[in-house]
> 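Please find one structure pasted underneath; my questions will follow.
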Amino acid sequence: DERAYRNELHYIDVLQRNGYPDIAEDVIAEVRKRFPAAVAALKKKEIDGMLTLGKFDEVQKLIDAISDKNGVEFWTLNLSKGSAYFDRKMTDDGRKIFDEFFKKHAKPSGAMLDLYRRTAYEYYQRLLMAGQKKAALQVLNGLAKQPMEEDQLRDVTSTLAEVATPAPH
């Protein structure tokens, strides 16, 4: 059932975040048997575990094997690699991947639009944490140009205003 599946994905996340990617691999294999329709989500979890272990070359081989270099699967896995670079303080390598994504998908639609939105928020936060406020604002500006509900646009524009306004002295 859906709840059990979500619980398993959460368990995999917890294992990976807490330094047990090897155990997470075993859980992924078990979940793959129980929920065969979950291939895409489990592939991302598997990639995330490999990245936690620093297996960047192996991950790149899996990414390279994806035929559609403009598709959601390719970019989901590639952006996971970019996130792992940020996590390892390899900011320049992470930025290259994220910047390429936003350059190639300036006007996304469908599933790519969903990925764009999630990625923009993550990238904006990572750039702010890296002290790159100007770049973070550019990401938010790009997000504000995408189609979205009025309340979402209000959230984005208020965040833009908050980040762009200097703190009072």
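Computed from heavy atoms alone, side chains included, the values below leave out hydrogens, waters and symmetry copies.
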> To the nearest 0.5 Å, what is the distance between NZ (Lys61) and CG (Asp64)?
9.5 Å

> Atom CG of Leu140 and atom OG1 of Thr159: how far apart are they, to the nearest 0.5 Å?
6.5 Å

> Which pair of non-hydrogen atoms, one from Gln16 and one from Lys45, has the smallest distance, and what is that distance?
NE2-O, 2.6 Å

> Of Lys96, Arg126, Met129, Gln132, which meets side-chain contact (heavy atoms from CB on, under 4.5 Å) against Thr91?
Gln132

> Honestly curious: do Ile66 and Leu79 fall in one hydrophobic cluster under the side-chain, below-4.5 Å linking rule?
yes

> Let me check something: do Tyr11 and Tyr5 share a hydrophobic cluster, defined by ILVMFWY side-chain heavy atoms less than 4.5 Å apart, either directly or through other members?
yes

> Report yes or no: do Leu113 and Phe102 belong to one cluster of Ile/Leu/Val/Met/Phe/Trp/Tyr joined by side chain heavy-atom distances under 4.5 Å?
no

> Within the 4.5 Å heavy-atom criterion, are Asp68 and Glu73 side-chain neighbours or not?
no

> May I ask you to decide if Glu149's main-chain N or O and Arg154's side chain share a donor-acceptor pair within less than 3.5 Å?
no

> Nearest 0.5 Å please: distance from the NZ atom of Lys43 over to the CZ atom of Arg32.
9.0 Å

> Do the side chains of Leu15 and Leu9 join up, straight or via other hydrophobic residues, at under 4.5 Å, putting them in one cluster?
yes

> With a sphere of 6.0 Å drawn around CG of Asp57, does it hold more than 12 non-hydrogen atoms of other residues, nucleotides or ligands?
no

> List the atom of Gly94, the atom of Phe86, and the distance in Å for their closest heavy-atom pair.
C-CE1, 3.5 Å

> Tell me the closest heavy-atom pair linking Met148 and Arg117, and the distance in Å.
CA-NH2, 3.6 Å

> Look at Glu30 together with Arg34 and state whether they make a salt bridge at an N to O cut-off of under 4.0 Å.
no

> What do the steps show when you test Val163 against Tyr124 for side chain to side chain contact (heavy atoms under 4.5 Å, CB included), and what is the final call?
CA-CA 10 Å; Val163 174; Tyr124 146 76; 3.3 Å; yes

> Of Asp93, Asp92, Asp99, which is the lone residue that meets salt bridge (charged side-chain N to carboxylate O under 4.0 Å, His left out) with Arg95?
Asp99

> Find the distance between CG (Leu143) and CG (Leu153) and round it off to the nearest 0.5 Å.
8.5 Å

> Would the number of heavy atoms belonging to other residues, nucleotides or ligands and lying under 6.0 Å from CD of Glu2 be above 12?
yes

> Out of curiosity, Leu77 CG to Glu46 CD, how far, rounded to the nearest 0.5 Å?
10.0 Å

> Run the numbers on Phe101 and Tyr123 for ring-ring contact (aromatic ring centres under 6.0 Å, His included), then give the verdict.
CA-CA 11 Å; Phe101 171 76; Tyr123 192 31; 9.4 Å; no

> Would you name the heavy atoms of Gln146 and Pro108 that are closest together and state the gap between them?
OE1-CD, 3.0 Å

> Taking Glu162's backbone N and O only, do any of them form a donor-acceptor pair with Thr165's side chain (distance below 3.5 Å, no angle check)?
no

> Could you report the tightest heavy-atom contact between Ile97 and Trp75, atom names first, then the distance?
O-CZ3, 3.8 Å

> Does Phe56, at its CZ atom, have more than 12 non-hydrogen atoms belonging to other residues, nucleotides or ligands within less than 6.0 Å?
yes

> Would a single hydrophobic cluster contain both Leu53 and Ile12, if residues Ile, Leu, Val, Met, Phe, Trp and Tyr are joined by side-chain heavy-atom contacts under 4.5 Å?
no

> Is it true that Asp114 and Arg118 have a side-chain N and a carboxylate O under 4.0 angstrom from each other?
no

> Got a sec: does the CZ of Arg17 have more than 12 other heavy atoms crowding it under 6.0 Å?
yes

> Could you walk me through whether Val139 and Tyr121 pass side chain to side chain contact (heavy atoms under 4.5 Å, CB included), step by step?
CA-CA 8 Å; Val139 171; Tyr121 276 113; over 6 Å; no

> What is the minimum heavy-atom distance between Ile63 and Lys69, and which atoms define it?
O-NZ, 3.6 Å

> Working to the nearest 0.5 Å, report the span between CG of Asp48 and CG of Asp13.
7.5 Å

> Decide side chain to side chain contact (heavy atoms under 4.5 Å, CB included) for Phe74 and Ser67; before the verdict, give the C-alpha distance in whole Å, the side-chain angles of both, and the deciding distance to 0.1 Å.
CA-CA 8 Å; Phe74 174 83; Ser67 60; over 6 Å; no

